[in-house]
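Structure first, commentary second.
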Amino acid sequence: RIKDHCLIIVGDGGEADQILARRRMAAGGRFAHFLTKGPNDPRVRQQHVMNGATQDAEYFTWQPPSSKMPLSSFAKKFSGRSRSFWTKLGPDGVELEASQQLTITSGVDGNPRHLELWDEDGNLLVQMSGEITVDIDKQAARTMDVEVYNPEFKAFGTFSWRFVWMAMLLQMLWQMAKFLFSIQLEQTATAGEVPWFRGFMTAIDWCIGGSFICIEMWSWSLTGMPATPSTHALANLVSLVVMMVATYFQMSEFVTYVCGIPATTLVTCGRYYFTMEEQPTRRLIPHLVWTIAQAIGTTGSFLLFATIAQIYALLLSSGFGIAASIFLSFATAIAETGSVICTRLAYDRFVHKKRDQDGQGPVVGDQTYLACVAMIISAHGFAEACRICATFAGAVSTGGFTWIITSTLSVALNLSARLGWSRYVLIQFTKWLWGGPTAMKIFAPSGWSKFHDEQKIYCGYFRFVFLIGFVAARAIAFPESFEIEGFKAPVFNLSATILIPALMLAEILEDETVTREWLPVNPAGPGLLKVNARGNNADPAQLITLEHLPDVDVPEDPWKMFELKTGRSSQSLEGNPETRKIVTTPSLSLHETSKWASLRGFLGQQRAVNSAPSLHGLRELPFMMSFSFAAIVANMTSSLIALLLGTGYMRGICTEPLDGINRILGILWWDVPLPCN
């Protein structure tokens, strides 16, 4: 448990430290680095507790560096970022100041397990348990066991800004080129010819973009292993053949794109067969059930949000503008939240409960890196795509500004949900009706819900990729119609022209409000501490880290305010191990760093909490994951706009949006030439 939870590296940040850090990250593990001057640094003191108390397997403490402590240059090399209220990306890293003292404690076996960092005034800044190395050499760094044996201790995978912006820019350029190419060819297409160009462009879009994350997530969920280059190559080759066959039958771009999914799944099934000897404990049925649940949570989300967009369009066209605005805001919010709940239930039932306390069972592999993460990002990415497509199509069709009400309401609901106030109100109301235990059982936040909030920072921007590329392509294709109004105008009309930058600005303001905490995060009450006290650190649903500390004879206080006055130290474990009692307790931060602390204190949260392992040390997904997901959301955005406006109108072939049965059939079938009213 100690090593699985964290590897703590104390050293000068040289090559040996970097080798060890890279190996730990490659193993999917969490690490923290304390930057010193190397051997014989007087600020580092090692001590042994001769009675072996701190070697007690039950003892575990977790007080990581606060967000106010500067992140070391070493941690930044490994994409480390400062802590937010609930999450932490990458490793912890502290550069010791001249006046600080680092104490490392070990037992009679000589293995260091516990670390404390003090300032010059004797205040405890950091207190962590883990596998500790001090001034390791290169040989030991290359051979040390860095594996995480219980995969449930691993943090979630996550997007990062350095890859998201680059992926969006490249996808935007590709979507612009692809749509420009499509406009030119569709305008010259004649009846009776096979539109091979459609399938060719869609196949390229899938093979260089969307397929990557799908192949990887199904490889993880079905085999418990990452996909190999040969798996990607074979899956793309099979997808190309299937997509060209779909093109012969004039399937729509969406259907052709989706045809790549069974092709990649088939190849992944082959990988399961050829890796059976590598995973002797793996069982097919549990992995297959989990993969089906994962597929429903990702590809199935499209159908759900496409239906919501269609209902919104019908309400708007029928003259129920206010009702349409309210429906879209609440329907997408409820559907997105429901998708996250289903993800948690599916993982808990089909993965977590299938494993023993050591993380071993019939479902093998690292499922929190991508497989379940894909379900969370799909929920928000597709929900945001649905919102923007529905409001954009409404603005184009009617020329009105009803989208202002819809978007304002959506931003308000998003802010309330991301800051936790929607949940807080539901908890207080339910507590008033049926009591605290019932309220917390139904509405208590979890690691899943806070990770979902974290991904909202990135996933809300992918929806703009296709729209911006689409507008740019129309502006290039119809330079003579560079005007505000008209079926060949870049954005069709004034309302739609204003909508895109307005929604981008709203997204930025929403994210800045949350990440910079311009508005307060809701308070956590004693009920949340009780719920988490019954949990397990090796569970993605856990929200607060659990510490295993000596029982202290003090008045009952869920927030343990006495610690802020008397302090805490591993030395409190000295004594007779046979008479010492270890208790499990939620990890409460020694330092409150938020400007809204007094408000939360007034509402019942006396101290900040330390988030669970699944949220601390989030693992950065590689560039191709961001690039691939951007391609998928772009295709969904394109398909939804085609469903709501018609493919011919999008390409300047038709003079007005498509209506009737042809628009509905457009999600499945594209005639040659494209139909108009």
Side-chain angles (χ1 to χ4, degrees), residues 174-175 177-211 214-215 218 233-270 295-296 298-307 309-310 389 466 470 631-654 657-677:
W174 161 246
Q175 295 297 328
K178 188 184 78 166
F179 200 80
L180 184 61
F181 189 46
S182 176
I183 289 175
Q184 301 300 325
L185 293 177
E186 292 290 358
Q187 288 184 334
T188 59
T190 57
E193 71 172 297
V194 178
W196 295 113
F197 63 89
R198 293 178 184 170
F200 179 71
M201 289 189 296
T202 304
I204 292 178
D205 196 11
W206 171 257
C207 292
I208 68 172
S211 70
C214 293
I215 295 169
W218 281 317
L234 182 59
N236 283 330
L237 180 60
V238 175
S239 299
L240 177 62
V241 173
V242 173
M243 288 179 169
M244 297 313 292
V245 171
T247 303
Y248 178 79
F249 294 102
Q250 297 181 202
M251 295 292 102
S252 69
E253 183 180 66
F254 167 69
V255 172
T256 305
Y257 201 82
V258 170
C259 283
I261 294 175
T264 57
T265 306
L266 182 64
V267 174
T268 306
C269 291
I296 293 173
T298 51
T299 57
S301 295
F302 175 86
L303 297 177
L304 174 62
F305 288 108
T307 302
Q310 180 64 28
C389 290
F466 173 77
F470 163 70
I632 290 174
V633 175
N635 183 269
M636 178 186 181
T637 308
S638 172
S639 300
L640 282 181
I641 294 177
L643 172 65
L644 298 171
L645 295 177
T647 54
Y649 186 65
M650 290 174 66
R651 289 159 176 80
I653 297 172
C654 304
L658 197 63
D659 57 22
I661 191 63
N662 284 332
R663 181 168 61 83
I664 305 299
L665 291 177
I667 195 68
L668 304 173
W669 168 277
W670 284 7
D671 206 349
V672 182
L674 294 173
C676 296
N677 292 332

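Quick caveat: nothing in here was measured; it's all calculated off a predicted structure.
- Looking at every heavy atom in both residues, G210 comes nearest to A631 through N-CB, 3.7 Å.
- Nearest heavy-atom pair, L644 versus C389, reported as atom, atom and distance to 0.1 Å: CD1-O, 3.6 Å.
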Practice problem: Evaluate side-chain contact (heavy atoms from CB on, under 4.5 Å) for F305 paired with L640, printing each intermediate quantity in order. | Solution: CA-CA 9 Å; F305 288 108; L640 282 181; 5.5 Å; no

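- Without hydrogens or angle criteria, S252 side chain to I667 main chain gives a donor-acceptor distance under 3.5 Å.
- Using modelled atom types, no side-chain atom of R198 and backbone atom of T256 make a donor-acceptor pair closer than 3.5 Å.
- With values rounded to the nearest 0.5 angstrom, T299 atom OG1 is found 11.5 Å from M636 atom CE.
- Taking 4.5 Å as the limit, every side-chain heavy atom of M251 sits out of range of all side-chain heavy atoms of W670.
- Across all non-hydrogen atoms, the minimal contact from L658 to G646 is CB-CA, 3.8 Å.
- In this view, S211 and N236 satisfy the side chain to side chain donor-acceptor pair (under 3.5 Å) rule, not counting sequence neighbours.
- Residue T265 holds its OG1 atom at 9.5 Å from CD1 of I215, rounded to the nearest 0.5 Å.
- Among residues two or more places apart in sequence or in another chain, the side chain to side chain donor-acceptor pair (under 3.5 Å) test is passed with D671 by none.
- C654 is not listed as a side-chain neighbour of N677, based on a closest heavy-atom distance of 4.5 Å or more.
- F200 places none of its side-chain heavy atoms less than 4.5 Å from the side chain of T247.
- Proximity of a side-chain donor or acceptor of T188 to a complementary backbone N or O of L185 within less than 3.5 Å is detected.
- With hydrogens and angles disregarded, no donor-acceptor distance shorter than 3.5 Å links the side chain of S638 to the backbone of A634.
- Atoms SG and CH2, on C259 and W206 in that order, are 10.0 Å from each other to the nearest 0.5 Å.
- To the nearest 0.5 Å, the span separating CG on L180 from CD on Q184 amounts to 5.5 Å.
- Of the possible polar contacts, none joining the S182 side chain to the K178 backbone as a donor-acceptor pair under 3.5 Å is found.
- A heavy-atom distance below 4.5 Å is not found between the side chains of Q175 and F470.
- Proximity of Y248 to V194: side-chain heavy atoms (C-beta onward) are separated by under 4.5 Å at one or more points.
- Note that CD of Q250 is 4.5 Å distant from CH2 of W669, once rounded to the nearest 0.5 Å.
- The OG1 atom of T307 lies 9.0 Å from the CG atom of L643; values are rounded to the nearest 0.5 Å.
- The two residues M201 and W174 have their closest heavy-atom pair at O-CZ2, 4.0 Å.
- Residues Q187 and I653 come closest through the heavy atom pair CG-CG1, 3.8 Å.
- The two atoms that bring F197 and E186 nearest to each other are CE1-OE2, 3.5 Å, heavy atoms only.
- Here the side chain of N635 pairs no donor or acceptor atom with the backbone of F254 at under 3.5 angstrom.
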